[in-house]
Amino acid sequence: MNAVQLNIALQQPEKKLALFGSADRYLRMIRDTFGVQVVGRDDEVRLSGEPEQVSKAAAVLELLQRTLRRQDWLSVEDVGQVIGRAADDHRQRTADEIDVYTRGRSIKPQTAGQRAYVDAILHHDLTFCIGPAGTGKTYLAVAAAASMLKHGHAKRIVLARPAVEAGERLGFLPGDLQAKVNPYLRPLFDALHDMMEFEQVKRFMVNDIIEVIPLAFMRGRTLNESVIILDEAQNTTASQMLMFLTRLGSDSKMIVTGDATQVDLPDNVRSGLVDAMEKLAGIRGIAMIQLERSDIVRHRLVQNIVDAYEHDGDSPKDRD
């Protein structure tokens with residue numbers, strides 16, 4: 001295999017020492033792991049060697065530079081973890097596989113509808129997705145968000161849900177904020193923990209890289225360089241939906257998911273999700289995906305259960 005050479009410009013030359021390490025220690029770690037030549041010169045790093053190994057070394061340097069956007073230093077452990085992930089990833093990823101933080105975890109859409117959904121998220125700033133329970137609306141949205149965070153396409157993830165079962169009057173519930181919102185946000189935490197280790201989720205939340213909040217707490221904010229997900233959106237009112245959609249800031253993506261057959265609002269209140277999809281249909285930059293029963297990928301019985309309830313004129317209040 002022919003050798004290749006790749007020059008990588010330093011995004012922050014003033015942090016060259018932090019990136020290279022004392023006496024170029026971090027560059028030597030990359031060299032020894034991937035068997036490539038690594039030369040730091042002026043405001044760039046020159047890599048040469050086998051194409052696959054150069055690609056891995058370049059990915060490590062890119063991720064380290066992204067890390068240095070948020071902090072002024074790198075520890076040996078930081079560099080070792082990034083190198084370890086790249087060195088262990090020997091398998092070729094398929095085109096539709098979603099690359100999340102959990103090592104060895106393969107997440108990819110299983111149906112044509114799910115593939116269309118993920119593609120819409122990647123190519124639109126605002127994506128609406130409706131469908132029955134079990135179609136992966138929330139799970140794939142969180143996976144796509146984790147992948148964008150990992151690869152530097154977003155700086156934070158914001159996950160929101162309307163706490164409609166409590167009327168969003170959380171002050172009347174016992175306990176602190178975490179205790180109050182936990183029952184309503186648990187599905188989002190469950191999805192997150194499939195994408196990354198518990199300690200990493202905790203660390204990201206402490207540093208406000210990941211935020212999981214009730215919809216009511218989003219008023220008055222503008223979210224830039226973020227992936228913002230609204231789950232259970234069928235339980236928003238039209239005014240709540242407008243409030244949420246106008247939080248969209250520059251270089252951000254929004255994903256709105258829900259099931260129009262599982263509305264918990266009073267009978268005289270129209271779902272903000274249904275209202276928004278009607279009002280915003282046809283606007284450029286907005287994708288609208290509808291998943292069907294054929295896109296259900298939970299236990300095989302889930303699809304039978306959904307079919308049975310729909311045939312009987314009712315629908316289960318299961319959550320996605």
Side-chain angles (χ1 to χ4, degrees), residues 1-109 118 122 143-155 157 193-201 203-204 207 209-210 225:
M1 187 177 294
N2 295 328
V4 298
Q5 180 173 300
L6 179 64
N7 294 339
I8 300 176
L10 299 186
Q11 299 168 5
Q12 302 174 93
E14 70 277 9
K15 294 186 178 180
K16 181 191 302 185
L17 179 59
L19 179 65
F20 291 1
S22 177
D24 292 346
R25 180 180 184 182
Y26 300 156
L27 296 186
R28 292 200 307 273
M29 290 170 65
I30 295 172
R31 177 198 67 191
D32 295 343
T33 301
F34 300 108
V36 297
Q37 292 184 5
V38 184
V39 178
R41 186 170 297 169
D42 298 326
D43 291 337
E44 68 177 18
V45 177
R46 181 177 301 165
L47 303 173
S48 57
E50 294 184 0
E52 183 179 355
Q53 299 304 101
V54 167
S55 177
K56 290 180 179 180
V60 168
L61 285 167
E62 177 65 18
L63 187 54
L64 293 177
Q65 292 205 77
R66 289 172 184 166
T67 302
L68 285 171
R69 294 176 196 167
R70 302 188 298 269
Q71 59 192 53
D72 295 326
W73 53 271
L74 294 169
S75 67
V76 174
E77 291 75 18
D78 291 334
V79 179
Q81 287 177 1
V82 173
I83 290 175
R85 285 201 302 268
D88 288 345
D89 190 13
H90 292 300
R91 58 192 177 85
Q92 293 292 322
R93 293 188 177 275
T94 60
D96 59 353
E97 188 170 345
I98 303 173
D99 181 23
V100 295
Y101 286 84
T102 304
R103 188 180 302 175
R105 179 76 177 174
S106 175
I107 297 175
K108 57 183 177 180
V118 173
L122 297 177
S147 181
M148 284 185 268
L149 182 66
K150 177 178 178 179
H151 291 280
H153 302 307
K155 290 187 176 179
I157 298 173
H193 290 151
D194 266 7
M195 313 301 165
M196 57 187 74
E197 300 296 331
F198 175 81
E199 288 301 323
Q200 189 167 34
V201 173
R203 184 167 63 251
F204 279 171
N207 294 324
I209 297 172
I210 293 178
E225 298 180 287

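Worth saying up front: this structure is predicted, and the values here are computed from it rather than measured.
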Give a yes or no answer on whether the side chain of K16 reaches the backbone of L10 with a donor-acceptor pair at less than 3.5 Å.
-> no
With the side chain counted from C-beta on, respond yes when V79 and V60 share a heavy-atom pair under 4.5 Å apart, and no when they do not.
-> no
Rounded to the nearest 0.5 Å, how far does CZ of F20 lie from CG of L61?
-> 8.5 Å
For A57 and V36, which heavy atoms make the closest approach, and how far apart are they?
-> CB-CG2, 4.1 Å
Could you tell me whether K15 atom NZ has more than 12 heavy atoms of other residues or ligands within 6.0 Å of it?
-> yes
What are the two closest non-hydrogen atoms of E97 and K108, and how far apart are they?
-> CA-CB, 3.8 Å
State, yes or no, whether a side-chain contact exists between I210 and M196 at a heavy-atom distance under 4.5 Å.
-> yes
Please lay out, stage by stage, how L149 and F204 fare under the test side-chain contact (heavy atoms from CB on, under 4.5 Å).
-> CA-CA 11 Å; L149 182 66; F204 279 171; 3.9 Å; yes
Could you tell me whether E199 and R203 make a salt bridge, using a distance below 4.0 angstrom between a side-chain N and a carboxylate O?
-> no
Enter the distance from L74:CG to Q65:CD here, rounded to the nearest 0.5 Å.
-> 10.0 Å
In terms of heavy-atom contacts, does CD of Q37 have more than 12 from other residues, nucleotides or ligands at under 6.0 Å?
-> no
Beyond-backbone contact of R70 with I209, side-chain heavy atoms, under 4.5 angstrom = yes
Of all heavy-atom pairs linking V100 and K150, the shortest is O-NZ, 3.0 Å
Can you measure from CG (L6) to CD (E44) and round to the nearest 0.5 angstrom?
-> 9.5 Å
Hey, are the side chains of F34 and L47 touching, using non-hydrogen atoms and a 4.5 Å cut-off?
-> no
Between OG of S147 and NE2 of H153, what distance do you get to the nearest 0.5 Å?
-> 7.0 Å
Give, for atom CG of L122 and atom CD1 of I98, the distance between the pair rounded to the nearest 0.5 Å.
-> 7.5 Å
Which atom pair, heavy atoms only, marks the closest approach of R69 to E62?
-> NH2-OE2, 4.0 Å
Could you tell me which non-hydrogen atom of D78 sits nearest to which non-hydrogen atom of W73, and how far apart they are?
-> OD2-CZ3, 3.9 Å
Pairwise distance CZ(R25) to CG(L27) - rounded to 0.5 angstrom = 12.5 Å
Would you say the side chain of Y26 lies within less than 4.5 Å of the side chain of V76, judging by non-hydrogen atoms?
-> yes
Is there a side-chain contact between Y101 and E197 (heavy atoms, below 4.5 Å)?
-> no
For G152 and R66, which heavy atoms make the closest approach, and how far apart are they?
-> N-NH1, 3.5 Å
With a 4.5 Å heavy-atom cut-off, do T33 and K56 have their side chains touching?
-> no
